[in-house]
**Q** 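Below is a structure I'd like to ask you about.
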There are 2 protein chains.
Amino acid sequence: MDQQVKDKKTAIMDAALKLFTERGFHGTSTAQISKDAGVATGTLFNYFPTKEDLINSLYFEVKGRLSSCIKEGIDSEATFEARMKKLWSNFIRCGVNNPEEFLFVGQFSSSPYITKITREEAMKEYDVILDMVEEGFGNGKTGNYSMELAMLIFYHSSRAVVSLILDSGSLQDMDEIIEDGFQILWKGLSPE
Amino acid sequence: MDQQVKDKKTAIMDAALKLFTERGFHGTSTAQISKDAGVATGTLFNYFPTKEDLINSLYFEVKGRLSSCIKEGIDSEATFEARMKKLWSNFIRCGVNNPEEFLFVGQFSSSPYITKITREEAMKEYDVILDMVEEGFGNGKTGNYSMELAMLIFYHSSRAVVSLILDSGSLQDMDEIIEDGFQILWKGLSPE
DNA sequence: TTAAAGATTGACTAATCAGTCATTGGTGTT
DNA sequence: AACACCAATGACTGATTAGTCAATCTTTAA
């Protein structure tokens, strides 16, 4: 039973994730999700009272997956630069290795029906960056710039790089792109 | 007649832009657009054969508006750094001054139903950056980084900064944010 | 073995969707 | 005034939507 339940629920979330990234939230019907998941339409509504509940649940699930991926293997004994580089690399590799999750989060964040508060909540996940930046650069300023600005540029640049790698489809250049991207940011964000 | 026609068409596009940025493409019905524009549903379909045609027409219209805004007042006699700074400032000010257009383009670009080819076409608009970067930094590399990477970071950072300004609602800090953001990018992108 | 409890089903509904088309009404010409 | 022309209309359609629910099947426990 317990396993069965988990199977159905997981199947629904898997199908939903795939379809949402392919066709968007409004573009995907609950009927289609159920069909792809191999369950009846009623079953979907047993687990998720409304479509919106499904979207939100899926978002927290996906955010969790990416979050643990992003924090992996950061050695707190390493130098600040090494840790930043690892974080940068993790962000990009997690996105490239989990393209559906990556696209879903992007779509969710820029979605108009998601409120501003939810979007801020969404951003909280990436306070890892903010924490690390603040710890490394002292209080309030990197070079002469605000921490929030630094974090935003770091985060959005990493997303841009993931898109570049996914669109070009050339995974072999990935290491070089990651390295080059980090050099730009590190040079830009460091104090003189 | 001619003016009448233009009025109705403009009203439809204005209403569509507003609603699309508020509720998304699928979340906005043609009936609602017509109602907000003050025309009958049939009238909308006189001007735009399908909803998709309306979205595409609107996209090219909006892209055009932003494009001319972005290129304004760049003095080709100025130094490379001055021109880059002006371009950066224009990107951000155009976004802040035209929030609906800014959000619409972002939504359109990250929309799943827009094909990869259309998205590349969309990006062509911002070859202004690529052209300028290539002209200023020579052929192929900025510092040691590829031009495309530099352009993507420039573009996505500018979008991040616009979002920051729009979300915080604090227009008075804008000049400082623009300046700080530019310093990060300029330092990052410049050769040693 | 049996019965209660809970999970699953899919036909169904009311609402909403994009798009149609016969009709109307305003304008310019003669 | 009589006509032609065409933009504008909005009631209408068939398709699709999120969500419901009585009936059926599966699991558990006595």
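So you know, we letter chains A, B, ... as the sequences are listed, proteins then strands, and number each from 1.
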**Q** Atom CG of B/L54 to atom P of C/dG19: distance rounded to whole Å?
**A**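 Nearest whole value for this atom pair: 10 Å.
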**Q** Judged by modelled atom types alone, do B/K71 and B/S67 share a side-chain donor-acceptor pair under 3.5 Å?
**A**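 Looking only at side-chain atoms, B/S67 and B/K71 do form a donor-acceptor pair, the distance falling under 3.5 Å.
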**Q** Round to a whole Å and report the spacing from NZ of A/K8 to P of C/dT8.
**A**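 In whole Å, C/dT8 P and A/K8 NZ are 6 Å from each other.
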**Q** Over how many whole Å does the gap from B/F25 atom CZ to C/dA18 atom C1' extend?
**A**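 The distance from CZ of B/F25 to C1' of C/dA18 comes to 16 Å, rounded to the nearest Å.
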**Q** Would you say A/Y47 places a side-chain N or O within less than 4.0 Å of OP1 or OP2 belonging to C/dT8?
**A**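 A/Y47 to C/dT8 OP1/OP2: side-chain N or O found under 4.0 Å.
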**Q** Is the base of D/dA18 touched by the side chain of A/S34 through a donor-acceptor pair closer than 3.5 angstrom?
**A**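 By the distance-only test, no, there is no pair.
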**Q** In whole Å, what is the span from the CG atom of A/L44 to the C1' atom of C/dA7?
**A**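 Whole-Å distance recorded here is 14 Å.
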**Q** Separation of A/Q32 atom CD from D/dT17 atom P, in whole Å?
**A**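 Roughly 8 Å, once rounded to whole Å.
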**Q** Does OP1 or OP2 of C/dT9 have a side-chain N or O of A/K35 closer than 4.0 Å?
**A**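 Answer is no, no contact under 4.0 Å.
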**Q** So, OP1 or OP2 of C/dT9: does either fall under 4.0 Å of a side-chain N or O from A/T43?
**A**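 Answer yes for this pair, as a side-chain N or O of A/T43 is under 4.0 Å from OP1 or OP2.
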**Q** How many Å lie between NE2 on B/H26 and P on C/dT16, as a whole number?
**A**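 So the two atoms are 17 Å apart, to the nearest Å.
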**Q** Rounding to a whole Å, what distance do you find between B/E52:CD and C/dC17:P?
**A**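 Value for this atom pair: 18 Å.
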**Q** Between A/T41 and C/dG10, is there a contact of a side-chain N or O with OP1 or OP2 at under 4.0 Å?
**A**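 So the side chain of A/T41 is outside the cut-off, no N or O lying under 4.0 Å from OP1 or OP2 of C/dG10.
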**Q** For A/K9, is there an ion pair with A/E61 - N to carboxylate O distance below 4.0 angstrom?
**A**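 Not counted as a salt bridge, because no side-chain N and carboxylate O are separated by less than 4.0 Å.
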**Q** Report yes if the side chains of B/V161 and B/W88 come closer than 4.5 Å at any heavy-atom pair, otherwise no.
**A**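 Side-chain contact under 4.5 Å: yes.
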**Q** Check every atom of D/dG10, C/dG10, D/dG19 against the side chain of B/A40 and return the nucleotide holding the closest atom.
**A**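 Closest of the options to the side chain of B/A40: D/dG10.
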**Q** Please report the distance, rounded to the nearest Å, between CG in B/N46 and P in C/dC21.
**A**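 About 13 Å, once rounded to whole Å.
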**Q** Checking all strands, does B/S29 fall into the base, sugar-phosphate, or nothing category for heavy-atom contacts under 4.0 angstrom?
**A**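 Answer is sugar-phosphate: B/S29 comes under 4.0 Å of backbone atoms only.
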**Q** Over 60° means perpendicular and under 30° means parallel, so classify the ring planes of B/Y59 and B/F108, tilted if in between.
**A**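 Taking B/Y59 first and then B/F108, their aromatic rings lie parallel (interplane angle under 30°).
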**Q** Would you confirm whether the ring centroid of A/F154 sits within less than 6.0 angstrom of the ring centroid of A/F182?
**A**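 That pair fails the under 6.0 Å test.
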